[in-house]
Protein chains: 2
Amino acid sequence: MRVTAKTIAKQLNMSPATVDRVLHNRGGVKPKTVNKVLAKAEELNYTPNKSASFLAKKKLVKVAFVLPEYPEYFWKEIERGIDNALEDITDYGFHVDIKKTSHTIEHQLETVHTIINSGEYDGMVICPKDGVSLTNIIESAVNNDFPIFTFNNDSPESGRISYVGANYYDAGKLAGDLASKFTGESKRFAIIIDEADTYQMKQKRKGFEAFTLENGDVDFVKLLRLDNQSMSASLEKVRQNIADVDSVYVACGALAEVAEQVKQMESNKPVLIGHDLNDAVYHQLQEDIVTATICQDPHYQGSLAVRLAFNYLMLDKLPEKEDNVVKLEIVTKGNAKYYLN
Amino acid sequence: MRVTAKTIAKQLNMSPATVDRVLHNRGGVKPKTVNKVLAKAEELNYTPNKSASFLAKKKLVKVAFVLPEYPEYFWKEIERGIDNALEDITDYGFHVDIKKTSHTIEHQLETVHTIINSGEYDGMVICPKDGVSLTNIIESAVNNDFPIFTFNNDSPESGRISYVGANYYDAGKLAGDLASKFTGESKRFAIIIDEADTYQMKQKRKGFEAFTLENGDVDFVKLLRLDNQSMSASLEKVRQNIADVDSVYVACGALAEVAEQVKQMESNKPVLIGHDLNDAVYHQLQEDIVTATICQDPHYQGSLAVRLAFNYLMLDKLPEKEDNVVKLEIVTKGNAKYYLN
DNA sequence: CTGTTAGCGCTTTCAA
DNA sequence: TTGAAAGCGCTAACAG
């Protein structure tokens, strides 16, 4: 038989309601009774049944996830993680709406506004296009008891409940570590960024450079910039600029494109390192054009965010940490298949 | 409001009991009624509430996990994964007992016997010491409607419901891939096994050798064997034998011990690759004695096993695949901290 | 300070 | 072939 609140009540000759009051310290119970109940609960090893509890509370909570559209393969994985974590807890009354926002910050700001003002939601998880420009809106929402979590990209000044995502400085450092391990005596490196030069990218670059500074045997690090307006021209230029380099680290989203350039080089192909995995990169790994790519388990990241929001909103449990940093994973030819889909 | 079975019943002027019968095709319902209910459920986008369902069924299920004691750090991680997956579903009436078995196969066989005959359990998840010697007992149990899942180590001939664990052949191949990438022109390799030479180790070796065969630029692969009886002597011997080698792959559990030997070498320290991560290996990664270690996400592995058993026993859902292969992860100095604890 | 009662969404008798 | 009723473990409103 199961040990329930009723079991405790029966053994102590009182009503389940009193037991419930004690178990949730709702107050208004004689201290002596409190102690008796607590002792009995301990003795019988009582654990409350969440299922029954949520069922009885009939509380409904809805949170909005505000996510970018691109890169699609990445956010699809995140969504899988979200859905997975939702599997059991939708039955508890916890629901999620995913809102995609396009390129512009304006659009994102507007979306956020709408969500907060609609009164439909009890909280929000957001991947800010730009942490700084969202600081104010997040701050005022949080102060008005509308909890917001940041995701994948932080807005540290905003007072968000907590952040879930990778540490991009570490990611850059890891890239440096790999570049160094995959090359021989000569260590002439290049790092490729694009003009957006977001916070994430800056961090990656800092981390990569920090690594090379700490490791005296690196000859140099060349900084190359892609121009989104004239992509093919700037890719061409990159190809020329990496002819004298032993390893290239693509810190922006253009790994596959750069790889195509490397493929065309006749000799001295550099070791190529980048981020994330899509079909193109998968094949380039198999062809040994890309040596390694650094991934962050998007599936786990998604489910962690759901869990934190759930704990906060339905269990009144604060996240243990302000930063919930997710694993950085190294993917090569040998283990890439585990990371696809 | 929520859409419940009652909602459907009301809209169709019938009782919730009939709706329930249809939803679970328990039979004894007029085809016309069946269709009406199904259509309504579809129309209202009805989803059953698992919480309420389990609560009402009051079914209790208990499964035994039979796991080895060593290496402790590995099984501790697995247990964390198990506990994690259990978090919500214990409230559904699904319980797990973990039984540790010591070194001998006899002890494990006995434990398995006891579990099956006790009548206390509804199923079992086991990490066989040796798949072959457990074939018979698993087979007869499964035939007697006592479902058994294998874990971490398979017993493919036994008719187990399904297997959860890594593909060790692939692990060996991955080690080959890494050894090759981390070395320069000269590729003289050694692989270290121990006398136990279990199925897992054989597979790793095969995979490693397969990789080197496919890659013509590998000079040779030396096979070295550790002797558990005279560990220090054989470690010494290993040290002498790897003096002329560019990379060493430790396929057995002695990565940290071999690393200590490598540390003592004055020059030509080979690239060291092995499996799993404990405190010792963590430090050896930081010191650049170990270059990389291959891990299988034990946390995920544990929770997957729980989920499969739960689905099978409580949801009557068969696993989609016979082999549930878990990810192989590459850990280096740069990302090791994410894998500790 | 404590007990009674009804009900969450679902399943399971039992009766019709 | 269908319905009524009770109950899973917990909570909430109301009464006392």
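This is a predicted model, so every value here is computed, not measured. Residue numbers begin at 1 in each chain, while the letters A, B, ... track the order of the sequences.
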> Which distance, rounded to the nearest 0.5 Å, do you find between the OG1 of A:Thr18 and the CD1 of A:Ile8?
Replying inline: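 The OG1 atom of A:Thr18 sits 12.0 Å away from the CD1 atom of A:Ile8.
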Qualifying residues under salt bridge (Lys or Arg N to Asp or Glu O under 4.0 Å), relative to [X], sequence neighbours excluded:
| X | value |
| --- | --- |
| B:Arg307 | A:Glu87, A:Asp88 |
| B:Asp122 | none |
| B:Glu322 | B:Arg160 |

>> For a quick test of reading the model, state the closest non-hydrogen atom pair linking B:Pro128 to B:Leu134 and the distance between them.
In response: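 Smallest interatomic distance, heavy atoms only, reads CB-CD1, 3.3 Å.
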In whole angstroms, how far is the [atom2] atom of [N] from the [atom1] atom of [X]?
| X | N | atom1 | atom2 | result |
| --- | --- | --- | --- | --- |
| A:Arg26 | D:dC10 | CZ | P | 12 Å |
| A:Lys58 | D:dG9 | NZ | P | 19 Å |
| B:Lys32 | D:dT2 | NZ | C1' | 15 Å |
| B:Leu23 | C:dT12 | CG | P | 13 Å |
| B:Lys30 | D:dG3 | NZ | C1' | 14 Å |
| B:Lys10 | C:dG9 | NZ | C1' | 12 Å |
| B:Arg2 | C:dG7 | CZ | P | 17 Å |
| B:Lys59 | C:dC10 | NZ | P | 18 Å |

Just to verify, what does [X] make a ring-ring contact (aromatic ring centres under 6.0 Å, His included) with, not counting sequence neighbours?
| X | answer |
| --- | --- |
| A:Tyr338 | none |
| B:Tyr46 | none |
| B:Phe65 | none |
| B:Phe151 | none |

>> Near DNA chain C, counting only heavy atoms under 4.0 Å, which residues of residues 34-54 of chain A show up?
In response: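 Listed by number, there are none.
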> Among residues 85-95 of chain A, which contact DNA chain D at a heavy-atom distance under 4.0 Å?
Replying inline: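 Result for residues 85-95 of chain A: none.
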Short side-chain N/O contact from [X] to OP1 or OP2 of [N], under 4.0 Å:
| X | N | value |
| --- | --- | --- |
| A:Thr33 | C:dT2 | yes |
| A:Thr18 | C:dT2 | no |
| A:Lys6 | D:dG7 | no |

Contact list (N/O, under 3.5 angstrom) for nucleotides 13-16 of chain C vs protein:
none

>> Pick the closest DNA chain C nucleotide for A:Pro16 and for A:Pro31 by heavy atoms, then say which residue is nearer the 5' end.
In response: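 Whichever sits nearer the 5' end wins; that is A:Pro31.
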> Which ring-ring contact (aromatic ring centres under 6.0 Å, His included) pairs, counting each pair once, include a residue from residues 76-99 of chain B, with sequence neighbours left out?
Replying inline: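 Counting only pairs at least two positions apart or across chains, the ring-ring contact (aromatic ring centres under 6.0 Å, His included) contacts touching residues 76-99 of chain B are B:Phe54-B:Tyr92, B:Phe94-B:Phe310.
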> Are B:Arg80 and B:Glu77 within salt-bridge range, i.e. N to O under 4.0 Å?
Replying inline: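 B:Glu77 and B:Arg80: salt-bridged.
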>> Need to verify one output field. Residue with the more 5' nearest nucleotide on DNA chain D, A:Leu55 or B:Ser15?
In response: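 Closest to the 5' end, via its nearest nucleotide, is B:Ser15.
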> The side chain of B:Met1 lies closest to which of these nucleotides: D:dA12, C:dG9, D:dG9?
Replying inline: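 Nearest to the side-chain atoms of B:Met1, counting from C-beta on, is C:dG9.
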>> Applying side-chain hydrogen bond (donor to acceptor under 3.5 Å, both in side chains) as the test, list every pair that has at least one member in residues 309-321 of chain B; sequence neighbours left out.
In response: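 Qualifying pairs: none.
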